[in-house]
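These notes are about the structure you will find just below.
The figures here come from the full heavy-atom set of this structure, side chains too, leaving out hydrogens, waters and symmetry mates.
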Amino acid sequence: MRFDSLIGAALAIVNTLMWAREAGTIEYGEWQTSVRTEGTTDAVFSFTRKVVQAIGGAAAAAPEPTA
């Protein structure tokens, strides 16, 4: 098995767990505050993922420094 497929499987597990934990976070917030803020929580989660993915893409595309 190639190393790339192991990395892909690990990333798939991490992404699945992140989305599963988001639902629990929304439920916990509603339990604590009696206010369901699903839209806000989902928007902040989505925005954070997009920013981090943009930073990661920029870092991967950056030219390597030459010494």
For a quick test of your reading: what N or O donor-acceptor pairs under 3.5 Å do the side chains of residues 41-49 make, sequence neighbours left out?
unit_1, atom_1, unit_2, atom_2, d
Thr41, OG1, Thr37, O, 2.9
Thr48, OG1, Val44, O, 2.8

Handout entry: Partner residues of Arg36 under the side chain to side chain donor-acceptor pair (under 3.5 Å) criterion, sequence neighbours left out
Key = Glu27, Glu30, Glu38
Handout entry: Ile7: side-chain contact (heavy atoms from CB on, under 4.5 Å) partners, not counting sequence neighbours
Key = Phe3, Leu11
Practice task
Only pairs at least two apart or in different chains count here, so list each side-chain hydrogen bond (donor to acceptor under 3.5 Å, both in side chains) that has a residue in residues 11-26.
Solution key: none
Fill in the blank from the handout: Joining Ile, Leu, Val, Met, Phe, Trp and Tyr whenever any side-chain heavy atoms lie under 4.5 Å apart, the cluster holding Val35 also takes in none
Exercise for the section: Provide the full list of ring pair (Phe, Tyr, Trp, His ring centres under 6.0 Å) pairs with a residue in residues 22-41, sequence neighbours left out, each pair given once. Expected result: Tyr28-Trp31
